[in-house]
Amino acid sequence: MFKKILIANRGEIACRVIRTARRMGIATVAVYSDADARAPHVKMADEAVRLGPPPASESYLKAELIIDACKATGAEAVHPGYGFLSERESFAKALAKEKIAFIGPPPKAIAAMGDKIESKKLAQAAGVNVVPGYLGDIATTDEAVKIAGDIGYPVMMKASAGGGGKGMRLAWNEQDVREGFEATKREGLASFGDDRVFIEKFIEAPRHIEIQVLGDQHGNVLYLNERECSIQRRNQKVVEEAPSPFVSPEMRKAMGEQAVALAKAVGYYSAGTVELIVNGADPSGKSFYFLEMNTRLQVEHPVTEEITGLDLVEQMIRVAAGEKLAFGQDDIGINGWAVENRVYAEDPYRSFLPSTGRLIRYWTPPPVRTDELVIRVDDGVADGGEISMFYDPMIAKLVTWAPTREAAIEAQIAALDQFVIDGISDNVDFLSALMQHPRFREGNLATDFIADEYPDGFDGAPADAQFIEDLTAIAGMVAVISDERAATIDGQLGPPVHPPCERIVRIDGESHKVRIKPYKGGTLAVTDDGDLVDIVGRWIPGQRLLVATVDGRHRIVQVRRAGRDWELQTRGRTHRVQVLSPHVADLARHMIDKPAPDLSRLLLAPMPGLLTKLDVSVGDKVEPGQPIAVMEAMKMENILRAPKAATVKATPAKAGDSLAVDQVIVEFE
């Protein structure tokens with residue numbers, strides 16, 4: 001067994017590998033860019049080596065620097081994590097040349113599966129179902145238009161070397177191909193150094209299901225069941241679960257056997273994933289097709305670990321050290337149900353715009369591991385850390401396990417309520433809303449789920465009348481306790497008001513009257529002259545998480561001041577709440593609302609990022625929806641369009657500029 005390994009990655013996955021290596025008694029070496037000098041993975045490892053500046057192309061993607069770090073520290077093996085160099089054949093070969101073990105598959109398997117065009121040809125030869133499409137080189141946009149028309153719309157354009165949802169464009173018509181083909185080529189070249197693109201038929205109502213495989217260097221290859229990864233946005237997975245609510249035992253066996261056949265055909269060993277697209281409209285479960293094989297550890301591997309009891313990182317290390325698998329196919333079972341949510345630095349209330357900046361406060365739900373419940377957070381950030389524009393926007397992975405799917409989902413909702421993230425935007429509300437969505441609870445999933453269910457964007461999870469009544473009572477309690485404390489400390493609100501007292505609570509556009517009477521250990525409340533409710537659980541001013549029961553109903557609420565208002569965040573929605581005394585509420589009715597400024601004559605940067613392309617000059621006339629500029633943020637290209645017909649008056653920004661959110665790019669007359 002290895003005595004020391006180097007992790008050629010950063011963030012969450014680097015921390016994940018270090019934890020397993022430490023448990024196995026293996027020393028670890030971290031590498032870092034200047035942006036990550038104080039990152040948790042650097043502190044966790046036994047040693048750390050600086051690679052270079054923040055851009056990945058100057059640090060994490062430089063194979064020679066990784067090899068130099070191995071030589072300097074005496075690391076015998078390298079775990080690449082996912083992304084970066086994890087699927088670079090040249091990297092695996094370079095390590096082998098220096099007699100450093102690669103904790104992953106052999107170079108020839110990486111090469112065979114890393115090229116999506118060639119991998120589909122190999123899959124066909126191995127007897128694996130493949131999606132109809134064109135697997136040759138496509139040189140021009142005109143050629144792409146002709147091929148797409150021959151296949152029949154809709155089609156998917158994919159970078160041959162792509163992965164992780166990057167380098168992919170869905171085209172419903174010729175215009176989509178003409179707009180997206182060159183962008184797909186650019187993304188492929190920028191992210192993977194390969195601008196080849198292929199086109200295949202888009203399977204409508206598709207489910208994205210993947211099979212985890214594991215092999216050793218002695219010819220043994222197993223499948224470790226499936227993962228359901230259909231909840232995606234912009235081809236990036238958001239929610240994963242294992243097993244799939246759609247897959248039958250017969251379907252699982254057929255998929256697994258095809259995945260193993262493909263792995264054996266390329267001499268595969270280590271952990272890998274065969275991704276499949278499934279026709280969700282076919283109840284027989286026989287319509288599944290090969291998409292690609294990821295020759296690395298997947299982001300979503302924890303859900304497989306939780307239902308099988310295997311540590312995939314440990315298995316990868318043991319395989320790389322030459323050990324045989326200590327179990328066979330018949331030993332792989334399914335125990336309970338696991339769900340994973342990806343917590344991203346993005347704002348779901350603003351079209352999921354990426355968010356960067358400092359994590360002023362970062363608290364996670366406490367870990368739990370019992371026979372009835374697992375709550376697991378895999379992350380690589382901490383209070384005071386920086387979410388950088390140079391890397392992926394994922395903050396953490398929240399994994400829950402329970403004996404049933406329903407219980408695992410409920411555990412997700414409760415745990416998400418305990419995620420506290422300040423300083424940047426996050427998608428916690430959206431994830432909670434997904435967990436509560438009736439269609440998700442039914443298991444009726446497809447890769448277009450988010451687009452179908454949130455066509456006009458996200459504005460928070462719906463709340464029923466009982467929930468709003470409970471929040472109203474909680475808001476009244478919080479405001480009264482806060483006012484009492486302020487009055488007691490310095491008299492700023494006059495002498496303390498002895499309860500019971502009345503407040504007007506405005507929540508979600510509705511006003512409610514609430515009477516509050518705190519007592520030791522709780523509060524009594526009456527909302528809108530209704531029934532008396534008992535809130536058990538005290539709140540102290542400044543306390544962020546309020547855990548209470550309202551007439552026996554368990555509530556976890558994040559409490560924040562927002563100017564003179566309050567923000568109550570819980571169960572997939574952030575409620576802006578006003579709590580006023582009755583006479584102030586009466587006067588507030590006469591206040592005039594300030595109109596929002598007219599920004600239609602400006603094209604603003606919707607997120608922090610790099611302006612890679614500007615297609616207009618001063619004096620140009622544009623039409624509504626016309627592409628104006630291209631911004632790159634969090635490794636994704638975003639096309640910005642004209643909001644209306646207008647003439648370009650000024651272009652304060654130019655291609656190559658790094659822009660802040662809401663920075664003016666183009667001004668129109």
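Source: prediction; values computed, not measured. Numbering of residues begins at 1 and proceeds along the displayed sequence.
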For the pair [X] (side chain) and [Y] (backbone), establish whether a donor and an acceptor sit closer than 3.5 Å, ignoring hydrogens and angles.
| X | Y | value |
| --- | --- | --- |
| D194 | G188 | no |
| T370 | E372 | yes |
| S432 | V428 | no |
| T400 | A408 | yes |
| T612 | E632 | no |
| K158 | I199 | no |
| K201 | Y153 | yes |
| D216 | N220 | yes |
| E226 | S244 | yes |
| E12 | I395 | no |

What's the shortest heavy-atom distance between [X] and [Y], and which atoms?
| X | Y | answer |
| --- | --- | --- |
| I450 | Q232 | CD1-O, 3.3 Å |
| M156 | R169 | SD-O, 3.3 Å |
| G333 | N225 | O-ND2, 3.0 Å |
| A259 | V213 | CB-CG1, 3.9 Å |
| I7 | A14 | CG2-CA, 3.7 Å |
| G572 | Q436 | N-NE2, 4.0 Å |

Between [Y] and [X], does any NZ, NE, NH1 or NH2 come within less than 4.0 Å of an OD or OE carboxylate oxygen?
| X | Y | answer |
| --- | --- | --- |
| D429 | R571 | no |
| D378 | R376 | yes |
| E182 | R186 | no |
| K237 | E210 | yes |
| K146 | D150 | yes |
| E118 | K121 | yes |
| K120 | E292 | no |

Check the pair V78, I5 against side-chain contact (heavy atoms from CB on, under 4.5 Å), reporting the backbone distance first and the verdict last.
CA-CA 6 Å; V78 171; I5 66 173; over 6 Å; no
Taking only residues at least two apart or on different chains, which pairs with a member in residues 334-343 satisfy side-chain hydrogen bond (donor to acceptor under 3.5 Å, both in side chains)?
E240-R342, E241-W337, E300-R342, N341-Q412, R342-Y344
Measuring from atom [atom1] of [X] to atom [atom2] of [Y], what distance do you get when rounded to the nearest 0.5 angstrom?
| X | Y | atom1 | atom2 | value |
| --- | --- | --- | --- | --- |
| M157 | F198 | CE | CZ | 12.0 Å |
| D392 | Q236 | CG | CD | 6.0 Å |
| M113 | K108 | CE | NZ | 12.0 Å |
| K185 | D195 | NZ | CG | 4.0 Å |
| I317 | L312 | CD1 | CG | 11.5 Å |
| Q315 | R318 | CD | CZ | 7.0 Å |

Fit a plane to each ring of Y60 and F84, take the angle between them on a 0 to 90° scale, and name the class: parallel (under 30°), tilted (30 to 60°) or perpendicular (over 60°).
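Because their plane-to-plane angle is under 30°, the rings of Y60 and F84 count as parallel.
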Where do N444 and R207 land on the side-chain hydrogen bond (donor to acceptor under 3.5 Å, both in side chains) test, with the steps shown first?
CA-CA 9 Å; N444 180 16; R207 298 180 82 115; 5.1 Å; no
Using distance alone, with no hydrogens and no angle criterion, decide if [X] and [Y] have a side-chain donor and acceptor under 3.5 Å apart.
| X | Y | value |
| --- | --- | --- |
| E87 | T295 | yes |
| S160 | D115 | yes |
| E179 | Q175 | yes |
| R296 | Q298 | yes |
| H437 | E453 | yes |
| T20 | R16 | yes |
| D347 | S355 | no |

Step-by-step side-chain contact (heavy atoms from CB on, under 4.5 Å) determination, V278 to M251
CA-CA 11 Å; V278 179; M251 187 179 180; 3.5 Å; yes
So, do [X] and [Y] sit near enough that their side-chain heavy atoms are less than 4.5 Å apart?
| X | Y | result |
| --- | --- | --- |
| D330 | I332 | no |
| M293 | E275 | no |
| P438 | R441 | no |
| P243 | E228 | no |
| L276 | I211 | yes |
| L214 | V221 | no |
| L297 | M316 | yes |
| F246 | L445 | no |

Anything under 3.5 Å between a donor and an acceptor, one on a side chain of residues 128-138, the other on a protein residue two or more places apart or in another chain? List them.
{"residue": "N129", "atom": "ND2", "partner": "F288", "partner atom": "O", "Å": "3.0"}

Donor-acceptor pairs are to be reported for all side-chain atoms of residues 266-273 against protein atoms at under 3.5 Å, with residues two or more places apart or in another chain.
{"residue": "Y268", "atom": "OH", "partner": "A271", "partner atom": "O", "Å": "2.8"}
{"residue": "T273", "atom": "OG1", "partner": "R227", "partner atom": "NH2", "Å": "2.9"}

Under the criterion side-chain contact (heavy atoms from CB on, under 4.5 Å), I'd like the reasoning laid out for I110 against R88: C-alpha separation, chi angles, the key distance, then a yes or no.
CA-CA 7 Å; I110 297 175; R88 293 279 180 92; 6.0 Å; no
For H79 together with F102, are the ring centres under 6.0 Å from each other?
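F102 vs H79: aromatic centres not under 6.0 Å.
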Is the distance from the ring center of F352 to that of F430 below 6.0 Å?
yes
Between V377 and K397, does a side-chain contact (heavy atoms from CB on, under 4.5 Å) hold up when you go through it step by step?
CA-CA 6 Å; V377 178; K397 301 183 309 196; over 6 Å; no
